[in-house]
Amino acid sequence: MKNLPRGRVRWMRVRIGLLALLLLSGAGAVSYRAYDLQVTRAPSLRQMAEEQYMRDVKLAPKRGTIYDRHGAELAVSVDVDSVWANPRQLVKNGHDPHRVAAALASLLGVDQGVIARRLASNRYFVWIKRRVSAKESKAVASLDIHGISTSKEARRFYPNTQLAAHVLGFANVDGKGIEGLELSFDDQLRGSVDPVPAIRDRRGVVVYSRQLLDDRASRGDDLTLTLDKTIQYIAERELEVAARTFEARAGAVVVMDPSSGELLAIANFPTFNPNRPGESHFSARRNRAVTDRFEPGSTIKPFTVAGALAQGAINPRDQIDCQQGEMEVAEYTIHDSHKWDTLTPAEILVHSSNIGTAKIGLAMGRPSLYRTLRRFGFGQKTGLGLPGETGGLLRHHKRWYDMDAATISFGQGMSATALQLTTAMGALANGGRLMRPILVKRVVDARGALTDEALPQIRRWVVPQRVARLVSDMLIGVTGEDGTAPEAALDGYLVAGKTGTAQKADYRHGGYAEDKWTSSFVGFAPADDPRLVVAVVLDEPVIAHYGGTVAAPVFRRVVRASLRHLGVAPDSGNGSLDEHLAAHRKRLRALEAAVAGTSVDTAKPAGDEAAVGPDQRRVPDLAGKTARAALVSLHGEGLRVDLQGTGLVVSQKPGADEVVDVGSVVRVVLSPPTPDASSVPDYDAEASQLDTTRPGAPIAVARPSARGQDG
Amino acid sequence: MKARFLALWTAAVLAAAASFIVHLTLRFENVRLGYEVGAARSAQRELIESRRLLALESATLRQPDRVETVARNTLHMRVADAPRIISASARGRRTSGSAQ
């Protein structure tokens, strides 16, 4: 550069400067562009990019499961295959649609013409048959026809078939609730159907999606009902037997826990299989316990009497003139089934006197009678949430005719549902507290989080507790020998209840039909500590029509089996147990001695006698015994038991032959027996030892008011 | 000066190439893991579905009428009448638990 002329050097420097400027400008432009892309426009560009590789994936959410109160599945959704076709692909692959239709028709049992018509279309997708069995799916796959495929779809199953069908309802093929809880809780059960973004590759396969990793959010909630599967089964079984025996058109049974308002069973007849709802008549799918109202007849009388007692319109000791079975009200005559002179309120209930109740109703006055029945929940829905629930009919007292105060007091001129009768009787059983009936106990989402829980709720105090108890005591007489429902009595339990035998209204000719009846019974047991309220309603029984004959036996069977299931021991099983066992042991020793040909020697060695005081007992050896045998042995010695585990006794404390005070607790540990034939207890022998059919064997002690044996 | 510039240049090129390779590797690994997660999820779904099917089968086998039929006909069981019932708990009904 030094040898170059000055002018040329300057020019070179200018050129270098220009080049540097150019390069800097280029670099600046690149930097600006980079900044623009990476910072300024980054969000919109990222979105554009995501749109290229992200696709919305629609989840197929599964309906939530419905459980009974003990967690037994009542409605479950599982994935099954559905067969579909791509008619265009079939044609492209050179398949003859008619031949394919014939093959599919024979495998799937679908009409060949229907399949052929679908395959003849110019579409990319047609259903062939949805929700096929695993066998059908395998058979279709074995055909290996390109253009015929299967995909998974959720199908609703009701594993107990008809059990609680009316309560559960059913969902259609698209997973939408149609009836029952499936309908009323459809939003919770169905879950979310919102699409979620997922990365797919060029073949459409989902590569990754954060939401898809945990699809529980889209799954439906699980419902836990208050129903008890076993009690529901008992109620349905007994209802069906009664309906068929008495040739009734329909019927309903409702079972409730009066202290909480939880419904343990809602049974209806006729019934249907929710797995195949289309095969049943629509009338068989009606939940009659909540949708059908009927004139309750005499089952209303306890509420009239309770209201009158609470109001002070009558006194429990009042003698009410029943006018020898006939009473004129307005231009009508009210009759009693028997001619009574005077009756107390308790006797009015026991004999179900219409005239006595009418006089009580008239003494109360229209507004008071109306308010009483309203307070018991008549004329309004219970708020259970089942579709189609009716509140029955109870006109406002200002619109009553002259004789309504008399007839409504004994259940004519108004209507109610079986559910209303149950909740109302529950109020009497529960010391005057009317509970809100509960059917859905808990709603839990797919992650196990509790979203809703129904707690016992008192709707109102209907009558004072002393009045409720008094009426309950009166109702015990109904199941006594003089009452209208001795068939409802149970050995070992006090039963309170009321029969109802109501003629049905004749809508064609007016008045009441001569040969159509509604037979009912509503009651609770044990009356001294109510665990169950049960209402039984049979519509148009033919063979007999009295509530005490038709409905009361159903009540008895349902209550007896349900109390047994709930572990409520009968009084006779507890009260005189020690005496029973002592007698049994004596008899057993005598029998053993007789077999051995020796006399009974109950004397013990002198040394032993000396060691055991009068208030002391020697602990028997329980090793290898069953729980039952251990209980019998210890109760026989006047000792209490603390049982732990199941199976056979493996240890006990205090040990065998130790001397303890009467009433001491013996801890007994049981363990399942090993599969060794010698260790298997002889249950038959044990049963024969306790055979109560032998002379002198302990028998149930029936209460004086109870009568009636199993039918 | 020249050698230093060349070394720096080479280092820059190698670093750029290395970062490109790392980026590609991470990208491929990401996709591979995505497929693995998808497969695992698919297997998980199948297991959950199998469990559901088994629960359904179990519920079907525990139908009350079936249980009753088996108990009465196969096992020759019968309902205990009142005198045969021995309560292990103290007197009082409310203390009795519910049985399934």
For chain A, which residues from residues 49-58 of chain B lie under 4.5 Å away (heavy-atom distances)? B:Glu49, B:Arg52, B:Leu53, B:Ala55, B:Leu56
Bottom line for B:Val79: the part with an atom under 4.5 Å from chain A's heavy atoms is side chain
Show me the side-chain donor-acceptor pairs of residues 233-240 of chain A shorter than 3.5 Å, one per line, residues at least two apart or across chains.
| from | atom 1 | to | atom 2 | distance (Å) |
| --- | --- | --- | --- | --- |
| A:Tyr233 | OH | B:Glu68 | OE1 | 2.2 |
| A:Glu236 | OE2 | A:Ala164 | N | 2.7 |
| A:Glu236 | OE2 | A:Gln232 | NE2 | 2.7 |
| A:Arg237 | NH1 | B:Glu68 | OE1 | 3.2 |
| A:Arg237 | NH1 | B:Glu68 | OE2 | 2.7 |
| A:Glu240 | OE2 | A:Arg244 | NE | 3.0 |
| A:Glu240 | OE2 | A:Arg244 | NH2 | 3.0 |

A:Asp222: which residues meet the salt bridge (charged side-chain N to carboxylate O under 4.0 Å, His left out) condition with it, sequence neighbours left out? none
Heavy atoms only: give me the nearest B:Arg62-A:Lys229 pair and the separation to one decimal. O-NZ, 3.0 Å
Members of residues 11-24 of chain B whose heavy atoms come closer than 4.5 Å to chain A: none
State the CZ-CD1 distance between A:Arg219 and B:Ile48, to the nearest 0.5 angstrom. 6.5 Å
With the side chain counted from C-beta on, respond yes when A:Thr161 and B:Gln63 share a heavy-atom pair under 4.5 Å apart, and no when they do not. yes
Contact check, side chains of A:Thr230 and B:Pro64, non-hydrogen atoms, under 4.5 Å: no
